[in-house]
Amino acid sequence: MKIEGTFVDDDSLVVAEGVGRVFHGRRRDIEALRDVDLRVGRGEFVSLLGPSGCGKSTLLRIIGGLVPYDSGRVLVHGTSPATARAAKMFGLVPQSPALMPWKTVTDNVRFLSALHRGRSQYPPLSSTEVDELLDAVGLSAFVNAYPHELSGGMQQRVSLVRGFALGAPILLMDEPFAALDEITRSDMRYLLLQLWNRTKATVLFVTHSVTEAAILSDRVMVMAPRPGRIAAARTVELPRPRTVELEDDPRFFEVVRQLRADLREFHAPPIEPR
Amino acid sequence: MSRRILWWLAPIFGVVGFLTLWEVLVVVFDVRPFIIPRPTKIVASIGDDPSFYWRHARATIWEAAVGFLIAFVVGLATAAVLAHVRFVERAVSPLLIILQVTPIIAYAPAIVLWVGFGFKPIVVITAIACYVPFVINATIGFRSVDPTLIELARSVDASKIEVFRRLRLPSALPSVFSAARIAVGLALIGAVLGEWFGGSKVGLGNAVKTAQGQGLTLQLWSSIFVLALIGGIAIILIGVVERLVLHWHSSQRDLE
């Protein structure tokens, strides 16, 4: 584990430099992000870790071209986020599964690739590949089921596969497991790594779980609130493929300890301890 | 098993029970037929001359259906605009409310004055009567899409038309169905009213009007029964279609 120096890599798929964003509230302005620098290399798995209100979701949405930014610049594959979005470069996996209740699992998985068809330079996965992904997450018996027939964990697996099925080079994941119970969550992390292994997509993963960030990431950006900023960047030097046994490894404990220390350092508790 | 059968028969118990009570009360208190006839008499009188009631019912059903469908199409088109442009919605909503709270019976004669007698005013009155519930419910429905689904669509730069067709339209179906249930009753009111004011020679509204004029209590009540039957069947049909179309919606899963 080492502290990042200036990360210089011409192969960066996502480049953010000095990005700032202010939300103008009714009473006062909120500085959601200040002077954020971020580079994500091709095929990298990068997590944005931080407490709520640190701007991690906003940063994800700025990179995805869903939210505008006020200062700095963002380049995705050398173009603006809006252009990248129009070229269908992003596979979004939101916090809630957000499946269409009137469509079957197969049709839901195909939702993103069916929209804005023909505009993408990145072909969606073939139906055989999609079936393989559904099989990998244990849903092959449910392809014709409707969302209301599935458990919350199964719905979130559909949502994951939907993100991958688009075939986009960049996956944006916004706390996709936050609403799941701890046991399901733990399974989902390794399922995600399996899918990621197959597709080799670049992943930006927002989370407030230290363990999750440690298990999944190549690098972790520790974020702090008021104003939202990147407080520390850590490389997770744990071997891949990562399995559940890793969670008992001292090296894993060390990563978790370091990330916790980073979070504590930059996150002032709202109430001073007595 | 038997609980299930009882569950399904419950509505029939309700209707038959009500009619039996009516029958018994009329007999016990010896109410004279020109005030209120016994249900059995009413049903028998329909059976005596079914072609008479069928001829009138057919006309009324046709008028109500055409008016209902016009309201459905125009109402959904209006709602599609209102759901997208908040300003227009705000500007138009007082007009919709005025249209809804003003009794249709008050401006029915004015409509006859504009479009003349016959089939046309009946359909126009029916369509106006059904229009507002379709607009209001469909507007709410078009807006009821899960915001995360909208964001997902935005994340691949989907067009407004795609979002409308793939997300807003299906999301609006449950509220459009509840509008349709409300509109069934309004369509029958519109059709009967239109026949009444439009100088129609046929239709159940016309049968009610002549029965009133000539003091034919039994014909009056038979027409009422046929109208109730038409409305009931229409609601059942809508329910059947709803179950098929909205099998995915939670409203269809509350039984058992």
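Because the structure is predicted, anything quoted here is derived from the model rather than measured. Chain naming here is simple, since letters A, B, ... match the order of the sequence lines and numbering starts at 1 in each. Atoms considered below: every heavy atom in the structure, side chains included; atoms not considered: hydrogens, waters and symmetry mates.
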Counting only non-hydrogen atoms closer than 4.5 Å, does Ala84(A) touch chain B with its backbone (N, CA, C, O), its side chain (CB onward), both, or neither? neither
Tell me, out of Thr148(B), Leu167(B), Asp146(B), Val245(B), who's got the most heavy-atom pairs with chain A below 4.5 Å. Leu167(B)
To the nearest 0.5 Å, what is the distance between NZ (Lys56(A)) and CZ (Arg61(A))? 11.0 Å
For Arg181(B), is there an ion pair with Glu242(B) - N to carboxylate O distance below 4.0 angstrom? yes
The interface call for Ser159(B) against chain A, heavy-atom contacts under 4.5 Å, is neither
Looking only at Ala158(B), Pro147(B), Ser171(B), Pro170(B), the option with the highest number of non-hydrogen pairs under 4.5 Å against chain A is Pro170(B)
Bottom line for Leu172(A): the part with an atom under 4.5 Å from chain B's heavy atoms is neither
Aromatic rings Phe134(B) and Phe72(B): how do their planes relate, parallel, tilted or perpendicular, breaks at 30° and 60°? perpendicular
Charged N to carboxylate O under 4.0 angstrom, Glu162(B) versus Arg168(B)? no
His84(B) vs Phe164(B) aromatic rings, parallel, tilted or perpendicular, using cut-offs 30° and 60°? tilted
Need one label for Leu246(B): side chain, backbone, both or neither, based on atoms under 4.5 Å from any heavy atom in chain A. neither
